[in-house]
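Remember, it's a predicted structure, so these values are computed and weren't measured experimentally.
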Amino acid sequence: MPISSFFGLETTLRGLLAQQRALDVTGHNVANANTEGYSRQQAVMAASAPMVLPAGALQSGGRADLGSGVDILQYRRIRDTFLDLQFRAQSTVLGDRSATTRSLDQAELALSEPGDNGLSTQLNQFWSAWADLSNAPENAAARQSLVDTGKTLAATFATLDTQLQTVGAQAASEYASLTGASGDVQGFAAEIASLNTEIKSSVAAGGQPNDLMDRRDQLLDKLSALATVAVTDLGNGSIDVRFGDAATPLVADTTVTWPQALTAPQGKLGALLRISQPGGTIASYRADLEGVATTLATAVNAIHGTPPFFSYTPGSAASTLAVNVTAATITPSTSAAPGANDIALAISGLRGGATDSSYTALVTRIGSDVRNARREETNAGVLVNAVDDRRQSTSGVSMDEEMTNLIRFQRGYQASSRALSTMDDMLDTLINRTGRVGL
């Protein structure tokens, strides 16, 4: 079987085009070196199908396969699925810890401890006011000072309870914003479903929509910070996405199902639920504060007698605590004798008792929770960064490597060009000069 004189041109042309495409891919990588979520791509080359020469092509009489150059098999996206799974799992933990730390920091800030405006200072001043009254039980200024100090203490309880309630309300509001209509969850899910449609269509047509897949993976990363994410590859370019502990997939191929009931989704949403829901973290802090206020009012009223010094609504003492007496109706003693002060002494002796102990326990608990949350957030951040570094070492663009590839493919392109020029010169000699006299 004769071989065309133009066969060599076709072979070198394939090499020229392959090196050009590899240069294009390298340029794309360089251009997106700082693009968030971008995965580097690679032009995969392989020898093209050879020309089969029938028997007799070789001196031995056998057949032969004549190489015909190179082809691009695919434009491969460099991505490690296992590292993606690890990253998303750690991102869920970090989202939980970060949201917890932020809310608990606000709760700790509301305490204002230690400080002049903290409840411990107000309690200390209240006990001191009773001590001052015991020293001068008939002094009008001491009585009025006690009433004012009691009102300030009651207002401090109400303010602290309101601030803790606000922390819980803010967490609930943020949760509602993220999960509500046009919230982040629905927005991410809708875009993933849209990308599924485009990617599936491209794959069906034989394409490789690498950049669309990068965007979809980036959205999955963002979703993983909000709650746990489980991805199922449908084999046609599309995916199903399960979110949190919902019973049905958030994204099923090109269909979005939202809203869904979440009870323990983990991630940021899980933390916000745990903080804001009835019986959650903030509710338990308020319950402890309620216990402090009730203990204070009960102990003081039991000693003071009639009229009770404090009034409050059972079950909401922290927010309803109020001074129920005036300077004239304060009872410093069970005796009407001048200078009698047994009640004032007894109440001042409550300093350091059950009320102070229970409040100290609350402050210690919140401080311990904040410290643990910060430590866990730091640890989670370290793990996320470690996994992300490993992922970037696989999928990220290395400028040194890309510069090396530019030179490599440039040299390949130059060599193919030289081979093409050489073949062209040979054919020019064959066609235009063969048979001419003097050659």
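Remark: side-chain polar atoms of Ser284 are paired, donor with acceptor, to backbone N or O of Thr281 under 3.5 angstrom. With His304 contributing its side chain and Pro307 its backbone, the two residues share a donor-acceptor pair below 3.5 Å. Of the possible polar contacts, one joining the Gln260 side chain to the Thr248 backbone as a donor-acceptor pair under 3.5 Å is found. The backbone N or O of Asp221 lies less than 3.5 Å from a partner atom in the side chain of Ser224, making a donor-acceptor pair. The backbone N or O of Ala131 lies less than 3.5 Å from a partner atom in the side chain of Ser134, making a donor-acceptor pair. Gln208 places a side-chain N or O within donor-acceptor distance of the main-chain N or O of Tyr75, the cut-off being under 3.5 Å. Looking at Thr12, its side chain never comes within 3.5 Å of a backbone N or O of Ala419 through a donor-acceptor pair. At least one donor-acceptor pair closer than 3.5 Å links the side chain of Thr179 to the backbone N or O of Tyr175.
Using a cutoff of 4.0 Å between basic side-chain nitrogens and carboxylate oxygens, Arg21 and Asp24 are not scored as salt-bridged. A salt bridge between Arg88 and Asp217 is present, with a side-chain N of the basic residue lying under 4.0 Å from a carboxylate O of the acidic one. A salt bridge between Asp356 and Arg351 is absent, with no side-chain N of the basic residue lying under 4.0 Å from a carboxylate O of the acidic one. Electrostatic pairing of Asp84 and Arg391 counts as a salt bridge here, judged by a charged N lying under 4.0 Å from a carboxylate O.
In this model, a donor atom of one side chain and an acceptor atom of the other lie less than 3.5 Å apart for Tyr38 and Asn29. A donor-acceptor contact closer than 3.5 angstrom is absent between the side chains of Thr197 and Thr254. A donor-acceptor contact closer than 3.5 angstrom is absent between the side chains of Gln122 and Thr152. A donor atom on one side chain and an acceptor atom on the other are not found under 3.5 Å apart for Asp161 and Gln165.
Atom CZ of Arg411 sits in a sparse spot, with 12 or fewer heavy atoms from other residues, nucleotides or ligands closer than 6.0 Å. With a 6.0 Å radius and a threshold of 12 heavy atoms from other residues, nucleotides or ligands, Arg365 has its CZ atom above the threshold. Heavy atoms from other residues, nucleotides or ligands lying under 6.0 Å from CZ of Arg374 number more than 12. Environment of CG in Asp233: crowded, with over 12 heavy atoms of neighbouring residues, nucleotides or ligands closer than 6.0 Å.
Of the residues Ile330, Val300, Ile303, the one that meets the side-chain contact (heavy atoms from CB on, under 4.5 Å) test with Ile343 is Ile303.
For the side-chain hydrogen bond (donor to acceptor under 3.5 Å, both in side chains) condition, the pairs that include at least one residue of residues 261-278, sequence neighbours left out, are Asp96-Arg274, Thr100-Arg274, Glu174-Lys268, Asp245-Thr263. Within the structure, side-chain hydrogen bond (donor to acceptor under 3.5 Å, both in side chains) pairs that include any residue of residues 183-192 comprise Glu191-Arg215 (at least two apart or interchain).
Ala18 and Ile72 make their closest contact through O-CD1, 4.0 Å (heavy atoms, listed as atom of the first residue, atom of the second, distance). The minimum heavy-atom distance linking Asn196 with Asp253 is given by the pair ND2-O, 2.5 Å. When all heavy atoms of Leu73 and Ala46 are compared, the closest pair comes out as CD1-CB, 3.4 Å.
The aromatic ring centres of Phe309 and Phe126 sit less than 6.0 Å apart.
Taking OG from Ser201 and CG from Asn236, the interatomic distance works out to 11.0 Å, rounded to the nearest 0.5 Å.
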